[in-house]
Amino acid sequence: DAGVIQSPRHEVTEMGQEVTLRCKPISGHNSLFWYRQTMMRGLELLIYFNNNVPIDDSGMPEDRFSAKMPNASFSTLKIQPSEPRDSAVYFCASSFGLALYNEQFFGPGTRLTVL
Amino acid sequence: QQQVKQSPQSLIVQKGGISIINCAYENTAFDYFPWYQQFPGKGPALLIAIRPDVSEKKEGRFTISFNKSAKQFSLHIMDSQPGDSATYFCAASFPGQNFVFGPGTRLSVLP
């Protein structure tokens, strides 16, 4: 199994630009999570999906952030417009089942730098 | 009340020594406490987890000790190795509650 796949691995963009991060969960997993990691705030859960449906987006910081999961094998996290304070490492994770007890498998992350 | 506090922020241990990382929580509704290990440039990976119905769980060199009355839990790494050098996160959750992660502890094991 290739594990959770994220792209791009690194993204450098200028303030005001749209950024789209992509995630392919592990085949067979039906829950998908988006996290943001910064030195100041640590690891924060932004949103999670179950069976392609958003369950909880209370961690999404602002309306500039949006996430979609059009099918079981693909999800996107979009930031529009991006700001320097959005610079962070964004992780996607997947698990089997909705229960948060189930092990979450993390992708390698996307390091976003907004200039 | 949803926070998980973690200490120390960083830890340096000699090879063969014991590494101890502590976490504390306030919300007594938490009933699942995992530890995640993260190597540089990688995503976190589940290391070991415990439920509050037991006071200790051991997997190889890694042990979680849980003190329900004190609302504290800790990770012990016995015979620490340079390959254990990573950042360790404790976390907590309960049904319907997303994971709350501690701020992390950067462990360095010196050869």
Side-chain angles (χ1 to χ4, degrees), chain A residues 1-10 21 23-26 29 31-50 54-61 67 77 88-111, chain B residues 1-10 21-25 27 29-54 57 59 62 64 66 73 86-107:
Chain A
D1 196 323
V4 175
I5 298 173
Q6 291 186 247
S7 65
R9 292 295 310 277
H10 301 273
L21 310 182
C23 175
K24 176 179 169 57
I26 292 173
H29 283 187
S31 291
L32 183 140
F33 307 79
W34 281 101
Y35 289 87
R36 178 173 67 176
Q37 186 175 41
T38 61
M39 289 293 294
M40 291 296 295
R41 300 176 66 89
L43 198 60
E44 302 173 279
L45 178 64
L46 301 177
I47 184 172
Y48 73 96
F49 297 83
N50 180 252
I55 302 300
D56 186 344
D57 65 354
S58 59
M60 296 286 263
L77 178 66
V89 180
Y90 291 81
F91 289 103
C92 174
S94 71
S95 69
F96 178 73
L98 178 60
L100 293 172
Y101 301 155
N102 297 334
E103 180 178 356
Q104 295 182 23
F105 294 82
F106 283 74
T110 294
R111 182 174 294 276
Chain B
Q1 197 177 28
Q2 297 296 70
Q3 286 186 332
V4 175
K5 297 179 180 179
Q6 183 173 348
S7 64
Q9 187 176 19
S10 62
I21 305 170
N22 301 300
C23 285
Y25 62 97
N27 192 339
F30 286 138
D31 68 350
Y32 178 66
F33 303 90
W35 285 88
Y36 277 78
Q37 179 188 54
Q38 183 179 26
F39 293 105
K42 304 291 186 182
L46 179 65
L47 182 64
I48 187 172
I50 197 168
R51 299 276 184 94
D53 53 344
V54 296
K57 182 174 182 180
E59 290 184 2
F62 300 90
I64 299 180
F66 186 83
F73 58 109
T87 300
Y88 293 82
F89 296 92
C90 61
S93 72
F94 59 81
Q97 169 64 47
N98 302 325
F99 280 128
V100 177
F101 283 88
T105 295
R106 180 169 293 185
L107 171 65

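With a threshold of 4.5 angstrom between heavy atoms, A:Arg111 does not approach chain B through any atom at all. Heavy atoms closer than 4.5 Å to chain B are found nowhere in A:Gln6, neither backbone nor side chain. No part of A:Phe105 comes within reach of chain B, as not one of its non-hydrogen atoms sits under 4.5 angstrom from that chain.
No more than 12 heavy atoms of other residues, nucleotides or ligands sit less than 6.0 Å from atom CD of B:Gln9. In B:Arg51, the CZ atom is crowded: over 12 heavy atoms of neighbouring residues, nucleotides or ligands sit closer than 6.0 Å.
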Fill in: Evaluation steps, side chain to side chain contact (heavy atoms under 4.5 Å, CB included), between A:Gln37 and B:Phe101
CA-CA 11 Å; A:Gln37 186 175 41; B:Phe101 283 88; over 6 Å; no

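Taking every heavy atom of both residues into account, B:Tyr36 and A:Gln104 meet most closely at OH-N, 3.6 Å.
With sequence neighbours excluded, the residues forming a side chain to side chain contact (heavy atoms under 4.5 Å, CB included) with B:Ala86 are B:Gln37, B:Phe39, B:Tyr88, listed by chain and number. In this structure B:Asp31 satisfies the side-chain hydrogen bond (donor to acceptor under 3.5 Å, both in side chains) test together with A:Tyr101, sequence neighbours excluded.
Chain A forms more heavy-atom pairs under 4.5 Å with one residue of B:Pro34, B:Pro44, B:Gly43 than with any other, namely B:Pro44.
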